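A quick note: this is a predicted structure, and the numbers were derived from the prediction, not measured. A note on names: the letters A, B, ... follow the listed sequences, proteins ahead of strands, and every chain is numbered from 1.
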Protein chains: 2
Amino acid sequence: MSEFGNRILVVDDEERIRRLLRLYLEKEGYSIEEAEDGGTALQKAIQYDYDLIILDLLLSRIDGIEVCARLRQQKATPVLILTAKGDEVNRVQGFEAGADDYVVKPFSPREVVSRIKAILRRSSATAFVSKDFFFGNNKIVFPHLIIEHDARRVTARGQEVNFTPKEYDLLHFLASSPDKVFSREELLRDVWKYDFFGDIRTVDTHIKRVREKLNRISPEAAAMITTVWGIGYKLEVQKDLFI
Amino acid sequence: MSEFGNRILVVDDEERIRRLLRLYLEKEGYSIEEAEDGGTALQKAIQYDYDLIILDLLLSRIDGIEVCARLRQQKATPVLILTAKGDEVNRVQGFEAGADDYVVKPFSPREVVSRIKAILRRSSATAFVSKDFFFGNNKIVFPHLIIEHDARRVTARGQEVNFTPKEYDLLHFLASSPDKVFSREELLRDVWKYDFFGDIRTVDTHIKRVREKLNRISPEAAAMITTVWGIGYKLEVQKDLFI
DNA sequence: TTTAATTTGACAATATAATGACATGTTTAG
DNA sequence: CTAAACATGTCATTATATTGTCAAATTAAA
C-alpha cells in the first residue's frame, strides 16, 4: 500500500455515481480508477493491486456478489459494497462473499469517505500512527467550542450542547474546514445525501437551529457561524481574542 | 501512569515560580520537569507522557491557551493553569481549551499541591479504562460501574448485577470504548456473530434489558447508556470537571 | 430608498426509538 | 429424560424527535 494516494477502484454502472465518488475521493488524495461492469472490474482487480474496491451490487444482482466472491479467491483487497436500501438478501450474500463494509444508497459522500478511511486504517494495522491520529480527526478544538467526533459530543464553555443528527453533521462539517466558506449547494451536497434536491433554504433553517442551541450556552460559539452574504456560511475562527 | 512519583511538567517563564513549584512538588514525591516557553512545552508534552502539566498563561497570553488547545488535540494529559488574578477572559478560554483546573496567582503552594492531588485522583479514576484496557488488566472502572471481564462480573453501587451472555457482551463492548458512539450495525457486527443478519432492532431490545437491570440497582449506571438519536448508542462517562 | 438575501417561526410530514408481548430455542435441575 | 426456567430474537404499537417547506419579517448592500 502506498503511503498516500491510495488506489481505489470504483465499480458502478451509473456514470453519475462514479463521477460523484471520484470527485470526493480525489479531494481526499486517493487515486481513482473506474470500471463499468463486473467483468472489467474483476480483470482490473486481479491485474492491479488496489487498496480498496468500491462495488455497487446493482450492476446486476448476481454479478456484484460474484465479482466479490471470485476476487476473494485470489486477493485480499478490501471491498466496500454499495447497495440499495432494504436489500437484505444481498447484504447476507455480500458479507458471505467477503465484503468489508456496506453502505446503503443513497449515501452521503462524507459517510463513504469516512468509512473508507476506517477500512484502510484497519487494513494497514502497521501504519497505525496515521495522519488522522495526529491531526485530531476525532477532536476539534476551538477557543469556545470543542467537537469530539467519536462521541458526537459538542461542548461550549465546558457544557455539552445537544444537536440532532443533521445539525451535528452540519456543524461538524463546517468545523472540519474552519474559515472556509461553503455555498448552500455545497453544504447540501456534502452534508445531505447525494440525492437530496429539496429547497435550498433548508440549509438556512438548520444553520438557525445550530446557532440557537449554541447561543443558549455560548454566544461566542454561536458567533463563529458566520453568514457570508450572497455566498453562504462558514465557521470562523476568532483571531483577535486577546486584547 | 506510575503508581507514585507522577511526572509533572511545569511551564512558566519565571524561574522563581518554577523553582518554587519544584520545591513543593518534589517534597510530595512528584518528579518534575520544566519548560520555559510554549514551544518547548508542547514538544515535550507530546513526546513524553506526563501525568500533569502546570501551565502559566502569562508565558504570553496567546501562547498559553494555544499550547493547551493544541495539546488537547493530541493528548489527554491533565492541565492545571496558572493565571493572574481577575483574568476572567482567559479563565473561560482556558477551560474551553481543555484545562482541568485553574489557580490564580499569587497562589499558596499548599493549595496548588492539594489541587494537583485532586486532579490526579480524578484523572486516574476516569483513565482506569484506557490504562487497564491497554495493559490487559481486566477491570474497567467507572464512577458508578465496575466490569471485571475475567469473571464477567458487573458491579454497580457495590452490588452485583446479573446479565445474560449477550447483555454482558453488549455492555462490555460499549464499556471498552467509553464515549464512542456505535451504530446498531456496528454493534451487530462486533457483539453478535459475524453471521447475524436479523432485525436491527434486536439491539434496542438488548439495550433495554441492560438498562432495566442496571436501573434496578443504580439509575446513575443505567443513565450511562445513552441513545444518540439517528446514530446508535454509547456508554457515556460522566465528567464532573467543575468543582 | 430599493432590492435582494437572510432570518425566523409555525407546521406538516417523516423518521426513529422505546416498549411489551410473544414465539422459539437453549440450558438447567431434578 | 423431562419440565421448568431462561435467553434470545421478532414484531407491532406507541411515544418521541427530527426534518423540510414556506411565507412573513428582518436585515444588508448599493
Requested in this report: Take the protein atom CZ of A/F163 and the nucleotide atom P of C/dT16, then report the distance between them rounded to whole Å.
Outcome: 20 Å
Requested in this report: Please determine if a side-chain N or O atom of B/W192 lies less than 4.0 Å away from the OP1 or OP2 oxygen of D/dG9.
Outcome: yes
Query raised in the report: What nucleotide among D/dC22, C/dA18, C/dT6 has an atom nearest to a side-chain atom of B/R184?
Result: C/dA18
Query raised in the report: Pick the nucleotide of DNA chain D nearest each of A/T202 and B/D199; which residue has the one closer to the 5' end?
Result: B/D199
Report task. Whole angstrom is fine here: how far is it from CD in B/E167 over to P in D/dT8? Result -> 6 Å
Query raised in the report: D/dT8 phosphate, OP1 or OP2: any side-chain N/O from B/H206 under 4.0 angstrom?
Result: no
Report task. Return the value, rounded to whole Å, for the distance between atom NZ of A/K208 and atom P of C/dG9. Result -> 6 Å
Requested in this report: Please check if the side chain of A/R211 supplies one atom and the backbone of A/I225 the other of a donor-acceptor pair under 3.5 Å.
Outcome: yes
Query raised in the report: Within less than 4.0 Å of OP1 or OP2 of D/dT10, is there a side-chain N or O belonging to B/T205?
Result: no
Query raised in the report: Expressed in angstrom and rounded to an integer, what is the separation of A/W229 atom CH2 from C/dA4 atom P?
Result: 10 Å
Report summary line: Side-chain atoms of B/D204 come closest, of D/dT19, C/dA18, D/dG9, to C/dA18
Query raised in the report: OP1 or OP2 of C/dA17 sitting under 4.0 Å from any side-chain N/O of B/T227?
Result: no
**Report entry** Spacing of B/K213 atom NZ relative to C/dT19 atom P, expressed in whole Å
**Finding:** 16 Å
Query raised in the report: NA contact type, B/Y168, heavy-atom cut-off 4.0 Å: base, sugar-phosphate, or nothing?
Result: nothing
Query raised in the report: What distance separates B/L171 CG from B/L235 CG, expressed to the nearest 0.5 Å?
Result: 6.5 Å
Requested in this report: Using heavy atoms to find the nearest nucleotide of DNA chain C for B/Y233 and A/I207 separately, return the residue whose nucleotide is more 5′.
Outcome: A/I207
Query raised in the report: B/T202 and B/D199: side-chain donor and acceptor closer than 3.5 Å?
Result: no
Query raised in the report: Distance only, no hydrogens: is a donor on one side chain within 3.5 Å (strictly under) of an acceptor on the other, for B/T226 and A/R153?
Result: no
Query raised in the report: Between atom CG in B/N162 and atom C1' in D/dA5, what is the gap in whole Å?
Result: 14 Å
Report summary line: A/L170 CG to D/dT18 C1', in whole Å, measures 14 Å
Requested in this report: Flag the pair A/D204 and A/R184 as a salt bridge only when some basic side-chain nitrogen lies within less than 4.0 angstrom of an acidic carboxylate oxygen.
Outcome: yes
Report task. Take the protein atom CG of A/N215 and the nucleotide atom C1' of C/dT7, then report the distance between them rounded to whole Å. Result -> 14 Å
Query raised in the report: Does A/R209 place a side-chain N or O at less than 4.0 Å from the phosphate oxygens OP1/OP2 of D/dT19?
Result: no
Query raised in the report: Is the phosphate of D/dA12, meaning OP1 or OP2, less than 4.0 Å from a side-chain N or O of B/R201?
Result: no
